[in-house]
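Working notes, beginning with the structure itself.
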Amino acid sequence: MSLEPVAALEALLFATPEPLPPERLAELLPTLSGEEISAALASLKARYASPASGLMLDEVAGGVRLATRPEAAESLARLAIVRPSRLSRPALETLAIIAYRQPITKAEVEAIRGVNIDGVLRTLGERGLIRILGRKREPGRPMLYGTSRAFLEYFGFQDLSELPTLREIEALVAPSQASRPAEHAPREEPERAAPTADSAAGPAAAVPAGSGSDPVPEESG
Amino acid sequence: MSLEPVAALEALLFATPEPLPPERLAELLPTLSGEEISAALASLKARYASPASGLMLDEVAGGVRLATRPEAAESLARLAIVRPSRLSRPALETLAIIAYRQPITKAEVEAIRGVNIDGVLRTLGERGLIRILGRKREPGRPMLYGTSRAFLEYFGFQDLSELPTLREIEALVAPSQASRPAEHAPREEPERAAPTADSAAGPAAAVPAGSGSDPVPEESG
Amino acid sequence: MVYQVRLEQFEGPLDLLLHLIRIHEVDIADIPIARITEEYFRVLTEMQDLDLAVAGEFLVMAATLVYIKSKMLLPAAEGEEATIEEEDPRRPLVQALLEYQRFKTAAGDLAGFEERRRRIFGRVAPLEEAPARGPLELSLFDLLAAFQDVLKRAARRPDVEVTPRPFRVRERMVELLERLARERPLGFLGLFPADADRRTVIVTFIALLELLRQGVVRVRQASPFGEILIYPLEEA
C-alpha cells in the first residue's frame, strides 16, 4: 500500500534530521514529479500553519526539514535539551567578517577586528561553523576560511544571500542626532538584545550583497 | 503566544526520541490536566489516521512517541543511499595518518592505531579517498597507501603540501580531553559567559572541551 | 563626565575607540584626535592601575594615535614637492573604525538570528544509523582533530612514530611512485631537470633516499658510470 505523496514526504522529513535539498527530495521520492513534490511541500506547510500543529516546515541551508514551531519553545523548556552554548561576542564578530568576506585569511580578519583571533577561530572550527577553503596564493600561503553549511543551519539562512546587507552606521557619522534608530546604535552593552530582536527579521529584506566588497560565494557543500 | 495543547504535545513528542509515559507527559506539560493530555493524544491520533499523514502515534513500552507509519517504509528505504554520510572516528584517524605519513603500509597504520584497520581501509578505498601507491620491500610485500586526488579536491587543496602543517593543526584544534565518546554525547553547556570572555585572551580562553567532532551545532544535537 | 570603563569589556582597541567616540559625541569623520587620544590613554592607565594586563593590540593603537596626533601638528606639505592633496592622517583610522563598526553591527544581527533559532528544535538523529552510502560529508576540522588525538595517544608510546613527514618530501615520494607506475625504470638524471631550483633538487633527492630506505624502490647501475636507474620493487 502506498501513501499519499504528502504523507510520504512527511515521513521522509521526519526521518531525516538534516535539511533535504530539492535534488535529494527528488531522488528520495522517485515516483513523484517535481511539481508533485512542490505541491506536497506546500500542502504540508499549510497544514502546519494551523494553531493545532506543533511542527513547521523549516526551510534552511538550501533544504527543508521538520522542526518544532518557535511558539512551542516554552512547552519544550522542561525537556532540558542540551544545546550548544551561544556564541560569544568575539566569535560572532569573527564569524560575521568571515561570512561577508569569504574567502578570507586569518590575518585579514584580524586586521578588521584589530585583535588576535586564534582562540576564536578554533572554537568556530570545532563547532563546524567555518571551514577551510584552501590556501591563498601569496607569500606564506595562508589558509582561507569561509562559512560552512552548518553556519547556514545555525542561523537559519537558506543561503549566504540571506545575510542582511552590511549597514553603515549613521549614528556615528551624525552624532548629534538624538533620535537614532535603536538597531543602528552601536551596542556596547554586554547583554544580548532581546531574543526576538526585530533586526533579525531579516530574510525578507535580504538583498544579495552587491558590489565587489561583499562577495557571496555559493556553498559548495 | 501559546499553542493549543495538542500542538504543545506534538512538539514535545517530536523533540523526544524515546517513548514518553503518561507520568512524564504530565510533568512536561504542567499547565495541562490529565484529561487535557488524554484529549490531546486522542486528537493527535485521529489527525495522524488520515492518509495524508506520514506520521503516527506509536504506543510502545508504556509510553507514546512519534514515528513514521509502516507504509512509509519504502520511501524511507532510499534514505540510506542518498543521505550524506560522515566518516567514523576510526576512519578519520586512519585517513589522517595516511595523509600525514604517506606512503604507508597497513601494518604501519595499525601499529599507530593499535587495532586492525581492514574494514576502515576498505571504506576509505570505496570512498575514493585513498589509493595504492606501490609495494614495499618487506616480507609479504605489503601495499603502500596514500591519499587520492579526490581527497585533495575535497578540501580544495592543490597538492599535499597545502595540508595544514603540524603547527597550524595545533593552532586550529585542541586535542580532545578523553578519546571522545559517541558523537552525540551531550555536553555540559555553560551558559554564555560574559560576552568578552574569550576575545583577545587567545587560545587558552575559547575552547569548549571536546566538541570537535560535532560538526553541526544543531539545536537539539 | 565620570564613567568607568573596563578594558575587558571591549573586543579590542577599535571597539574601545568607538565607545569613546560615541560617549563624547564626536563626529567619526572629524575625530578630535588630541582629545580622543587623551581619553584612550586614560582608559589604559586605569587598566594598569587595576593591575590588568593590557593586551598588545591596545598598545599598538596607542602608538598609532600618537603618530596621527603628531602628523596633524606638523605644518602641511613641508618640503614635499607636489603634494596635490594632503591626505588626512586620520583617514585610515576612520576607515578602519567604520569597517569594524559594520561588522560589529552584523555580529549583533547574527546574535538575533541565533536567538531566534534557539527556539526551534529539530529532531535528534537516531543514535545508531545504518552505514550510509550517500555523498560524503567530511570536515577538515574533524580530520585534523582526529589526527591530534592520534598524536596525543602516540606521545605516550615512543615506539611508534607519527610525526608527519615533511610535506614537500612526502609529496615528492608520492609523485615518484606515480611516475614509476607509468614509466619504469626511471632515469636518475631525469629526476633533476636542468631548470630545477636547489630546493627542488634537495627535496627530490631526500624523497628518493626515503623511498630507498623504506625499500619501496631499488636503484641499479647497469655499468660503472652508467646511468642510475630506479625501479619499483616488483621488478629489478
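Letters A, B, ... are given to chains in the order of the sequence lines, protein chains preceding strands, and every chain is numbered from 1. Here the structure is a predicted model, which means the values were calculated and not measured.
Among A/P51, A/S43, A/A77, the residue with the largest count of heavy-atom pairs under 4.5 Å with chain B is A/P51.
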Derivation and outcome, side-chain hydrogen bond (donor to acceptor under 3.5 Å, both in side chains), residues A/R47 and B/S53: CA-CA 10 Å; A/R47 185 202 302 168; B/S53 169; 4.7 Å; no
CA sep, side-chain torsions, deciding dist, call: B/E168, A/R135, salt bridge (charged side-chain N to carboxylate O under 4.0 Å, His left out): CA-CA 12 Å; B/E168 284 171 328; A/R135 285 184 190 270; 2.8 Å; yes
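With a 4.5 Å cut-off on non-hydrogen atoms, B/F157 touches chain A through its side chain but not through its backbone. Heavy atoms of A/Y145 lying under 4.5 Å from chain B belong exclusively to its side chain. With a 4.5 angstrom heavy-atom cutoff, B/A67 touches chain A only via backbone atoms. For A/L144, no part lies under 4.5 angstrom from a heavy atom of chain B. Residue contact with chain A, scored on non-hydrogen atoms closer than 4.5 Å, involves the backbone of B/E170 exclusively. Contacts between B/P5 and chain A at a heavy-atom distance below 4.5 Å are absent for every atom of the residue. In this structure, no portion of B/L44 lies under 4.5 Å from any heavy atom of chain A. In this structure, chain A has heavy atoms under 4.5 Å from both the backbone and the side chain of B/A52. For B/E27, the part lying under 4.5 angstrom from a heavy atom of chain A is the backbone only.
Atoms CE and CZ, on B/M56 and A/F14 in that order, are 9.5 Å from each other to the nearest 0.5 Å. Atoms CG and CG, on A/L79 and B/L28 in that order, are 5.0 Å from each other to the nearest 0.5 Å. In this structure, the separation between CG on A/L66 and CG on B/L55 is 7.0 Å, given to the nearest 0.5 Å.
Considering every non-hydrogen atom in both B/A11 and A/G54, the closest pair reads CB-O, 3.8 Å. Across all their heavy atoms, A/L76 and B/A15 have their closest contact at CD2-CB, 4.3 Å. In terms of heavy-atom proximity, A/S75 sits nearest to B/L12 at O-CD1, 3.8 Å.
Contact check on B/E162 versus A/R137 returns a salt bridge, with a Lys/Arg side-chain nitrogen under 4.0 Å from an Asp/Glu carboxylate oxygen.
Side-chain contact between A/E4 and B/S50 is absent, with no heavy atoms from C-beta onward closer than 4.5 Å. The closest side-chain heavy-atom distance from B/L172 to A/M143 is below 4.5 Å.
The contact list for residues 29-36 of chain A toward chain B, using heavy atoms and a distance under 4.5 Å, reads A/L29, A/P30 by residue number.
Every residue was checked against the salt bridge (charged side-chain N to carboxylate O under 4.0 Å, His left out) condition with B/R122, not counting sequence neighbours, and none meets it.
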